[in-house]
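See structure below.
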Amino acid sequence: MKLKVASYNIHKGVGLDRRRDPDRILTVLREVDADVVALQEADRRFGLREAVIPRAMLDDHSPWMAVEPGHYDRARTASSMGWHGNALLVRRGIEVVDACAVPLPTLEPRGAVCATLRVGDALVRVIGMHLDLSGLRRRQQVAAVCGHLSAYDAPGHAVMMGDLNEWSPTGGALAAFASPLRVLAPGRSFPARRPLAQLDRIVVSEGVEVEATGVHHSPLAAVGSDHLPVWATLLLP
């Protein structure tokens, strides 16, 4: 089974031209055309934390559905998407077996979202995350998401992705993803206009074959956010 995944920090929908344009973000996502997308900074963070991409726009003009993590505060954030700005989009036709929020140790609002997907005969657990600016906190947060995955009884493949805020190419918090997990480096994705750093990463479990990885650098993506989307095409045994 082939599965294309992508991660995109959409900067609350505000591009380098200082315009908030959810339609532009959705167009970039259609260009990438991934089966599963992890978004960061996907809500406005204030008040009701409205989703940057309105649900109606997603439902009517995209092939994806938003995964509902079922976190504790849905009454207050009924118009939001995901948790603490993290959202997972899944192509319609892929079964979402379950989903949940993953609390992260931090002093500022941070979190991750996890969904178990059935892709053909395979179970795939996908975690979308946005890690802290503090190196110590990042390592603790990596330990938290890995611990969450290890708590599942049913076997399955794992894909973790997001804005890891790690400037080191191989060290720092990346070292906390212990073998046999593999940290992929799709390429430089930040800042979008002239990318210098590989802040956006994809991590896969043992047995998942990586067919290709990359950074999506189109004219729209270059101005749509301060990050570029990263992607990977995976083969599931």
Side-chain angles (χ1 to χ4, degrees), residues 1-9 28-40 62-67 69 86-100 102 112-131 142 145-164 166 169-170 173-189 195 198-218 221 227-237:
M1 295 296 299
K2 184 178 292 189
L3 185 73
K4 186 175 183 180
V5 301
S7 178
Y8 190 16
N9 184 329
V28 172
L29 291 178
R30 285 194 290 262
E31 291 175 351
V32 178
D33 195 30
D35 300 303
V36 182
V37 182
L39 298 178
Q40 300 87 50
S62 88
W64 303 284
M65 58 183 178
V67 173
N86 294 280
L88 290 175
L89 307 182
V90 176
R91 189 181 298 277
R92 295 186 185 94
I94 295 177
E95 180 187 355
V96 180
V97 178
D98 60 48
C100 64
V102 182
V113 288
C114 179
T116 301
L117 310 177
R118 192 179 305 279
V119 184
D121 294 328
L123 283 181
V124 184
R125 293 189 178 92
V126 179
I127 289 184
M129 55 191 163
H130 189 183
L131 300 189
V142 170
V145 295
C146 291
H148 177 84
L149 284 176
S150 67
Y152 285 95
D153 293 329
H157 307 299
V159 179
M160 294 174 277
M161 52 187 172
D163 178 359
L164 304 192
E166 179 57 69
T170 58
L174 302 181
F177 291 103
S179 179
L181 294 173
R182 285 183 293 158
V183 181
L184 309 182
R188 297 175 180 177
S189 57
Q198 302 182 72
L199 301 188
D200 304 279
R201 295 296 190 109
I202 299 171
V203 183
V204 298
S205 61
E206 185 178 25
V208 176
E209 183 178 342
V210 180
E211 184 178 74
T213 64
V215 178
H216 182 74
H217 201 161
S218 70
H227 287 246
L228 296 171
V230 299
W231 58 269
T233 302
L234 309 176
L235 300 177
L236 307 177

Donor-acceptor under 3.5 Å (Thr213 side chain, Pro186 main chain)
no

Where the side chain of Arg188 meets the backbone of Leu199, is there a donor-acceptor pair that is under 3.5 Å apart?
no

Taking salt bridge (charged side-chain N to carboxylate O under 4.0 Å, His left out) as the test, write out the residues that go with Glu206, two or more places apart.
none

Sequence neighbours left out, what passes salt bridge (charged side-chain N to carboxylate O under 4.0 Å, His left out) with Glu209? Give chain and number order.
none

Report yes if some heavy atom in the side chain of [X] is under 4.5 Å from a heavy atom in the side chain of [Y]; otherwise report no.
{"X": "Val37", "Y": "Leu29", "answer": "yes"}
{"X": "Asp200", "Y": "Leu164", "answer": "no"}
{"X": "Trp231", "Y": "Val5", "answer": "no"}
{"X": "Val113", "Y": "Val102", "answer": "no"}
{"X": "Val203", "Y": "Leu184", "answer": "no"}
{"X": "Val215", "Y": "Pro195", "answer": "no"}
{"X": "Leu131", "Y": "Asp163", "answer": "no"}
{"X": "Leu149", "Y": "Met160", "answer": "yes"}

Heavy-atom pair with the smallest gap, counting every atom of [X] and [Y]:
{"X": "Leu88", "Y": "Cys114", "value": "CD1-C, 4.2 Å"}
{"X": "Leu3", "Y": "Val124", "value": "CD2-CG1, 4.5 Å"}
{"X": "Val28", "Y": "Pro229", "value": "CG1-CG, 3.8 Å"}
{"X": "Met129", "Y": "Phe177", "value": "CE-CZ, 3.9 Å"}
{"X": "Ala6", "Y": "Val32", "value": "CB-CG1, 3.9 Å"}
{"X": "Ser218", "Y": "Glu31", "value": "OG-OE1, 2.7 Å"}

Report the C-alpha separation of Val210 and Arg182 in whole Å, then their side-chain angles, then the decisive distance to 0.1 Å, and conclude whether the side chain to side chain contact (heavy atoms under 4.5 Å, CB included) test is met.
CA-CA 10 Å; Val210 180; Arg182 285 183 293 158; 3.9 Å; yes

Tell me every residue that passes side-chain hydrogen bond (donor to acceptor under 3.5 Å, both in side chains) with Glu166, counting only those two or more places apart in sequence or in another chain.
Arg138

Any residue meeting side chain to side chain contact (heavy atoms under 4.5 Å, CB included) with Arg91, in chain and number order, not counting sequence neighbours
Asp33, Asp35, Pro63, Trp64, Ile94

Residue list, side chain to side chain contact (heavy atoms under 4.5 Å, CB included) with Ala185, at least two apart or on another chain:
Gln198, Arg201

Rounded to the nearest 0.5 Å, how far apart are [atom1] of [X] and [atom2] of [Y]?
{"X": "Leu234", "Y": "Ile202", "atom1": "CG", "atom2": "CD1", "value": "7.0 Å"}
{"X": "Leu235", "Y": "Glu211", "atom1": "CG", "atom2": "CD", "value": "5.0 Å"}
{"X": "Met1", "Y": "Arg118", "atom1": "CE", "atom2": "CZ", "value": "12.0 Å"}

Residues Asp98 and Thr116: side-chain donor-acceptor under 3.5 angstrom
yes

Take Val67 and Leu89 through the test side chain to side chain contact (heavy atoms under 4.5 Å, CB included) and record every step on the way to the result.
CA-CA 6 Å; Val67 173; Leu89 307 182; over 6 Å; no

I would like to know whether Leu39 and Asn86 meet side chain to side chain contact (heavy atoms under 4.5 Å, CB included); could you show each step before the answer?
CA-CA 6 Å; Leu39 298 178; Asn86 294 280; over 6 Å; no

What residues, two or more places apart in sequence or in another chain, satisfy ring-ring contact (aromatic ring centres under 6.0 Å, His included) together with His130?
none

Test log, rule side chain to side chain contact (heavy atoms under 4.5 Å, CB included), inputs His227 and Ser7:
CA-CA 10 Å; His227 287 246; Ser7 178; over 6 Å; no

